[in-house]
Novice: 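Can you keep this structure in mind? I'll have questions shortly.
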Amino acid sequence: MNNKKVLITGASSGIGESCARKFAANGYDLLLNARSVEKLEILKAELEANFPVRVYLIPFDVQDYNIVCDKLSGLPAEWKDIDVLINNAGLVYGLDKEYEAKEAEWRIMIDTNICGVLNMTQTVVPWMIKRKTGHIINIGSIAGDAAYAGGGVYCATKAAVKSLSDALRIDLVNTPLRVTNIKPGMVETNFSIVRFHGDKNAADKVYEGIEPLSGDDIAETVYFAASAPAHVQIAEVLLMPTRQASATVVSRQND
Ligand code: 8X3
């Protein structure tokens, strides 16, 4: 135990779940958020069995401002002392052309990937300012640096995460708080399975002939940023597989 607390959104799978394991292994108490409480309960049992840490579950959808405010303001006082906020919850739907993307899908991407980050930030950062300590780590994407075909809305949401991170860093410059934007390239999680609406074959093709990053690879970098000395602010990290050079340039073994 190190008496520090981390809040992770989207903690029931992928990068969020890996971050939960990494921070638990380093003695952080954990506030874990996701939509599904069942998966969180399994993770909580595993973490508390393996590490001397406490886990508090906060299952809700980050899309809704009122729900986020309500659930977080109802936390017991000691759990409001959040040292690290990892805004990880995010998703992608489809590879449709921008003018053909389905409204219900692009709205969920915008509401989760952008509004979700804002909802959490607006609630937690004032508490951090009051305590004069805190680190906001946003999970952006290589997709926020340059758009790609069929990625219009997803790329736009991750470009927004970069702008929100940069502006927050400026807004907090006269405080001890730090802001980091982690921008992964190809990471094999359920990301592509969700993109292709559960079509595992389509998802597997994305990573064919290349060794993608894992959620654990990203968690290492997130933890590196969080554990840097207090005077060091890692503003951004862009990381990708060795055989990836940009969002669209990838070398596959069978090329
Ligand atoms: C995920 C990166 O390029 O697969 O955020 O969309 S990409």
Side-chain angles (χ1 to χ4, degrees), residues 5-17 19-20 30-40 55-94 101-131 133-141 143-144 152-172 175 177-183 191 194 222:
K5 292 182 188 68
V6 60
L7 191 169
I8 305 169
T9 66
S12 61
S13 65
I15 295 171
E17 183 180 355
C19 286
L30 302 108
L31 281 150
L32 300 183
N33 158 269
R35 286 168 296 178
S36 148
V37 74
E38 290 79 17
K39 288 187 194 163
L40 287 181
V55 181
Y56 194 102
L57 302 184
I58 42 172
F60 57 77
D61 193 328
V62 296
Q63 292 183 68
D64 189 307
Y65 180 77
N66 291 321
I67 288 179
V68 172
C69 292
D70 195 48
K71 299 281 180 190
L72 291 183
S73 60
L75 283 173
E78 59 159 332
W79 282 100
K80 290 183 180 166
D81 292 348
I82 296 160
D83 297 283
V84 183
L85 166 63
I86 304 177
N87 279 316
N88 163 73
L91 78 177
V92 66
Y93 281 130
K102 293 162 196 68
E103 189 226 345
E105 295 190 345
W106 58 252
R107 244 178 234 291
I108 291 176
M109 283 191 272
I110 290 173
D111 286 349
T112 306
N113 302 5
I114 304 176
C115 301
V117 169
L118 258 176
N119 294 339
M120 296 299 296
T121 299
Q122 290 215 316
T123 311
V124 173
V125 169
W127 300 341
M128 290 177 163
I129 292 173
K130 229 182 235 167
R131 292 177 61 230
T133 183
H135 193 162
I136 302 94
I137 302 181
N138 292 331
I139 305 299
S141 171
V153 175
Y154 178 72
C155 296
T157 66
K158 291 301 183 176
V161 170
K162 176 179 165 49
S163 292
L164 291 173
S165 307
D166 290 346
L168 185 61
R169 202 175 301 111
I170 295 165
D171 290 340
L172 292 173
T175 77
L177 274 61
R178 303 184 289 184
V179 181
T180 299
N181 182 23
I182 305 282
K183 305 187 297 183
F191 175 84
V194 173
V222 169

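By convention here, the first residue in the shown sequence is residue 1.
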Novice: Say whether, by atom type as modelled, one donor and one acceptor occur between the side chain of Asn88 and the main chain of Ile8 under 3.5 angstrom.
Specialist: no
Novice: Check side-chain contact (heavy atoms from CB on, under 4.5 Å) between Glu78 and all other residues, then give those that pass, not counting sequence neighbours.
Specialist: Arg54
Novice: What is the distance from atom CD1 of Ile58 to atom CG of Leu31, rounded to the nearest 0.5 Å?
Specialist: 5.0 Å
Novice: For a quick test of reading the model, state the closest non-hydrogen atom pair linking Thr180 to His135 and the distance between them.
Specialist: OG1-NE2, 2.8 Å
Novice: Out of curiosity, Trp127 CH2 to Thr133 OG1, how far, rounded to the nearest 0.5 Å?
Specialist: 15.0 Å
Novice: Would you say that Ile15 contacts Ile182 through its side chain, given a criterion of any heavy-atom pair below 4.5 Å between the two side chains?
Specialist: no
Novice: Side-chain atoms of residues 69-77: list all donor-acceptor pairs with protein atoms under 3.5 Å, sequence neighbours left out, distances to 0.1 Å.
Specialist:
{"unit_1": "Ser73", "atom_1": "OG", "unit_2": "Cys69", "atom_2": "O", "d": "2.7"}
{"unit_1": "Ser73", "atom_1": "OG", "unit_2": "Asp70", "atom_2": "O", "d": "3.3"}

Novice: Between Met120 and Leu7, which heavy-atom pair has the shortest distance, and what is it?
Specialist: CE-CD2, 3.6 Å
Novice: Strictly by ring pair (Phe, Tyr, Trp, His ring centres under 6.0 Å), give each pair with a member in residues 58-89 just once, sequence neighbours left out.
Specialist: Tyr56-Trp79
Novice: To check you understand the geometry: which heavy-atom pair defines the closest contact between Gly10 and Ala89, and what is its length?
Specialist: N-CB, 3.8 Å
Novice: If you take all heavy atoms of Ile114 and Ala160, which pair is closest and at what distance?
Specialist: CD1-CB, 3.7 Å
Novice: About how many Å separate OG1 of Thr9 and CG of Asp61, when rounded to the nearest 0.5 Å?
Specialist: 10.5 Å
Novice: For Thr121, check side chain to side chain donor-acceptor pair (under 3.5 Å) against everything at least two apart and list the hits.
Specialist: Asn87
Novice: For Arg35, check side chain to side chain donor-acceptor pair (under 3.5 Å) against everything at least two apart and list the hits.
Specialist: none
Novice: Ala11 and Ala34: which non-hydrogen atoms are nearest, and at how many Å?
Specialist: N-CB, 4.1 Å
Novice: What pairs meet the side-chain hydrogen bond (donor to acceptor under 3.5 Å, both in side chains) rule with one or both residues in residues 152-165, with sequence neighbours excluded?
Specialist: Asn113-Thr157, Asn138-Ser165, Lys162-Asp166, Lys162-Glu236
Novice: Under the 3.5 angstrom rule, does the side chain of Asn119 hit a backbone N or O of Val62 as a donor-acceptor pair?
Specialist: yes
Novice: Got Met128 and Leu172 here, is their nearest side-chain heavy-atom distance under 4.5 Å?
Specialist: no
Novice: Do NZ/NE/NH1/NH2 and the carboxylate oxygens of Arg131 and Asp81 come within less than 4.0 Å?
Specialist: yes
Novice: Of the non-hydrogen atoms in Arg169 and Val179, which two are nearest, and what is the gap between them?
Specialist: NE-O, 3.0 Å
Novice: Is there a donor-acceptor pair under 3.5 Å between the side chain of Asp83 and the backbone N or O of Lys5?
Specialist: yes
